[in-house]
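Note sheet for the following structure.
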Amino acid sequence: MKGKKGYMAFVLHSHLPYVLGHGTWPHGAEWLYEAASETYIPLYKHIRKLKDEGIDAKITIGLTPVLSEQLIDERFKKGFVEYLNQKIASARDDKKYFERKKEDKLSKTADMWISFYSDIKETFFHINHDIPGAFRKLQEEGAVEIITSGATHGYAPLLSHDASIKGQVREGKKSYKKIYGKEPSGIWPPELAYRPRYTWKRPHDGKEYLRKGVEEIYFEEGIKYFLVDAHLLKGGKPIGTYLSLFEGLKVLWERFKEQYKELEGKELSVYKPYYAISEGTKKPVAFFTRDPNTALQVWSKDWGYPGDPAYLEFHKKHFPGGHRYWRITNADGDLATKAPYDPEGVTTPLSNQSDHFVGLIEKTIMESNIHNPIIVSPYDAELYGHWWFEGPRWLYLVLKKLSKSNIAQSITLSEYYEKYPPEITVNLPEGSWGEGGFHWVWLNEWTEWTWKIIYELEDRFFAVLYKKDRTELIDRLFKQAARELLLLEASDWQFLITTWSARDYAEERVMEHADYLNRILDIIENINGNELSKEDEDFVKVLEDKDRLFSDINPYEWKEE
């Protein structure tokens, strides 16, 4: 557009682990219901509102394959309506309670919750119970770009078989095409984690062998671009203080740093894309880099926008319904000191903060010495609405104000890639956007045992897959075995263990999927003929119904070259 000096790319990463059939509350399907009602549908509504006002949001949205598969599942659709009905009923009960207590301000907020969940329910019916379908239509209309991710969000640098990473990417692409009707251009690497090609020493047993760079697998699967955190581009040594604490992490780094060469004499900017390539290979893939300044303006718990005293306090809830009726008031204050929330009191901070953010974007662009710079701001989508209730409204205001800017305009990553393809090739180091910049969040003293299980089952799965003759029954069994392997590989389990947010649940899920996979592989190895015993048939049928994602999964396509 004439007069524009640069570009702004919001990237919202929507992801939840596979929870359908694996509990409801406090851990399980309710996570999905909360995210759908508080984040996915509100984001859809505000993007649709912009579209109806003649403004294309041009947001890049990552809807992970495992999340998308759950959102199209009839179990989710049925349970979600029941959840919304319960939330509406509990808000009505709260209203009666607050009226008896003469708590007029809290009663007013109860009205807000009744209206909020009734509106979410009405929207859900309006889009025919199809959240992915609603976003697909927005993509077809040019309002958003949807990107893919690893099938179950497997943490690529720590998986021990290239075939596992290929399986994550391949099945993620297939699921994307099934649900969104086209091939994805970009991919959100789970946890923005990357590793180049190098000789790897497996932490638990010391086995040593060459592994591909992650970008090589993206290249082979037709992915055009991915994202990384800023320290991978600018620093080269993203280790932090955790390296000395955990032997497994130390082994990985010691092995890698011998082969890493720092980026000498190159002025690299987070405001333009580059090609990533591993040394000695010819399979480059473009990458965009997270801008730390705009990211911190929203992410920071100390001075980011979500900490405004007027906004809804996430941690204080009224039971039994679980609705929130208080505002942040004071970020450092005890929950008992929180003042009642005023739904109308957020209008001014939302206006001021959206003005400030647009000003920050324009200032960054004007001060950049890059031609046609792009500011890439990736966030977990659940920050908008779930953690920060007012977030979707803030985003709407930012995008509306950006549409009137003479300096910046919103753009999707694919659109920028097509306009201004990379010109420089870079050898990136290994790392992620996790604490310390490396793998500590996912590999530490609390999670090492999970990787031992994953590695043993990766080895076993591929050993059996490559030697067993194919039949219709064997193919059926390997499909379910592949689903269980992908679910076992999900990075969520290590994250939940490390953060203690749902440690018992995550540990149980690791053991559960490991047990399921071992039993299926036992059945495959011991099968005699073309029929299963009644006990085995019943087990497989239950599992096919319980973990029924990725309908056209094909592990034979994962084989390493």
Side-chain angles (χ1 to χ4, degrees), residues 1-14 43 46-47 49-51 53-62 138-139 142-147 185-186 188 192 225-230 233 269-274 286-300 304-306 350-381 383-384 388 391-422:
M1 186 177 295
K2 188 176 180 180
K4 301 290 183 180
K5 306 294 184 182
Y7 300 87
M8 174 67 196
F10 280 101
V11 187
L12 303 186
H13 174 57
S14 307
L43 284 175
H46 283 91
I47 296 169
K49 183 179 178 182
L50 286 168
K51 184 69 177 177
E53 294 171 355
I55 301 169
D56 285 328
K58 297 298 183 181
I59 293 176
T60 302
I61 297 180
L138 286 173
Q139 176 166 253
V144 303
E145 177 189 6
I146 303 171
I147 58 177
S185 293
W188 177 285
L192 294 192
Y225 70 82
F226 63 103
L227 294 98
V228 300
D229 204 354
L233 181 68
S269 172
V270 299
Y271 303 123
K272 64 184 297 184
Y274 301 95
F287 68 91
F288 291 88
T289 306
R290 181 193 198 194
D291 170 48
N293 295 326
T294 53
L296 283 172
Q297 193 64 62
V298 178
W299 275 111
S300 174
Y305 302 136
L350 282 171
S351 177
N352 291 342
Q353 291 167 2
S354 56
D355 282 342
H356 179 268
F357 194 78
V358 172
L360 176 63
I361 293 169
E362 292 178 337
K363 181 175 183 289
T364 302
I365 288 172
M366 294 301 290
E367 292 179 352
S368 171
N369 58 5
I370 301 297
H371 182 60
N372 297 311
I374 180 170
I375 301 170
V376 180
S377 294
Y379 306 97
D380 278 342
L383 177 65
Y384 293 87
W388 178 21
R393 291 172 62 187
W394 174 86
L395 187 61
Y396 164 82
L397 290 172
V398 168
L399 292 166
K400 188 164 186 174
K401 292 171 182 178
L402 269 179
S403 72
K404 300 174 182 178
S405 171
N406 293 319
I407 297 171
Q409 78 176 88
S410 184
I411 194 168
T412 67
L413 295 182
S414 278
E415 287 175 326
Y416 188 92
Y417 174 82
E418 294 299 327
K419 281 177 175 284
Y420 310 108

query: At what distance, to the nearest 0.5 angstrom, does NZ of Lys272 lie from OH of Tyr420?
result: 12.5 Å
- prompt: What's the spacing between Leu12 CG and Leu383 CG if we round to 0.5 Å?
  reply: 9.0 Å
Non-hydrogen atoms of Ala9 and Leu413 that approach each other most closely: CB-CD2, 3.7 Å
task: Measure the shortest side-chain to side-chain distance between Thr289 and Leu233 over non-hydrogen atoms and say whether it is less than 4.5 angstrom.
output: yes
Show me the donor-acceptor pairs, under 3.5 Å and distance only, between side chains in residues 391-398 and residues at least two apart or in other chains.
residue : atom : partner : partner atom : Å
Tyr396  : OH   : Glu53   : OE1          : 3.0
Tyr396  : OH   : Glu53   : OE2          : 2.8
Tyr396  : OH   : Lys400  : NZ           : 3.3

- line: To the nearest 0.5 Å, atom CG of Leu402 lies from atom OG of Ser354 at 10.0 Å
message: Under the rule for side-chain contact (heavy atoms from CB on, under 4.5 Å), what residues qualify as partners of Gln139, not counting sequence neighbours?
response: Val144, Glu145, Ile146, Tyr176, Tyr180, Lys182
task: Quick one: list whatever passes side-chain contact (heavy atoms from CB on, under 4.5 Å) with Ala295, sequence neighbours left out.
output: Arg290, Trp299
- request: Check the pair Met8 / Gln409 against side chain to side chain contact (heavy atoms under 4.5 Å, CB included), numbers first and verdict last.
  value: CA-CA 6 Å; Met8 174 67 196; Gln409 78 176 88; over 6 Å; no
message: Quick check for you: to the nearest 0.5 Å, what is the distance between Leu227 atom CG and His13 atom NE2?
response: 10.5 Å
- prompt: At their closest point, which heavy atom of Ile147 faces which heavy atom of Gly186, and how far apart are they?
  reply: CB-O, 3.4 Å
query: Does Ser410 reach the main-chain N or O of Ala57 with its side chain, forming a donor-acceptor pair under 3.5 Å?
result: yes
task: Take Val298 and Tyr384, measure what side chain to side chain contact (heavy atoms under 4.5 Å, CB included) needs, and give me the verdict at the end.
output: CA-CA 10 Å; Val298 178; Tyr384 293 87; 3.8 Å; yes
- prompt: Hey, are the side chains of Tyr271 and Thr364 touching, using non-hydrogen atoms and a 4.5 Å cut-off?
  reply: yes
task: Could you give me the CA-CA distance, side-chain angles and deciding distance for Val11 and Val376, then say whether side chain to side chain contact (heavy atoms under 4.5 Å, CB included) is met?
output: CA-CA 7 Å; Val11 187; Val376 180; 4.0 Å; yes
message: Does any part of the side chain of Thr412, heavy atoms only, come nearer than 4.5 Å to the side chain of Tyr417, both counted from C-beta?
response: no
- prompt: Between His356 and Tyr305, is a side chain to side chain donor-acceptor pair (under 3.5 Å) present by the stated rule, with each step listed?
  reply: CA-CA 10 Å; His356 179 268; Tyr305 302 136; 2.7 Å; yes
task: Could you note down all residue pairs passing salt bridge (Lys or Arg N to Asp or Glu O under 4.0 Å) where residues 402-417 supplies at least one of them, sequence neighbours left out?
output: Lys58-Glu415
message: Once side-chain contact (heavy atoms from CB on, under 4.5 Å) is applied, do any residues pair with Thr294, and if so which ones, sequence neighbours excluded?
response: Asp291, Phe357, Leu360, Ile375, Ser377, Tyr379
task: Please report the closest heavy-atom contact between Tyr7 and Ile365, naming both atoms and the distance.
output: N-CD1, 3.8 Å
query: What are the two closest heavy atoms between Pro273 and Pro422, and how far apart are they?
result: O-CB, 3.7 Å
task: Among Phe287, Tyr274, Phe288, find the residue that satisfies the ring pair (Phe, Tyr, Trp, His ring centres under 6.0 Å) test when tested with Tyr225.
output: Phe288
- prompt: Got a sec, which residues hit side-chain hydrogen bond (donor to acceptor under 3.5 Å, both in side chains) with Lys51, two or more places apart in sequence or on another chain?
  reply: Asp56
- prompt: Is there a side chain to side chain contact (heavy atoms under 4.5 Å, CB included) between Thr60 and Trp188 once you walk through the steps?
  reply: CA-CA 10 Å; Thr60 302; Trp188 177 285; over 6 Å; no
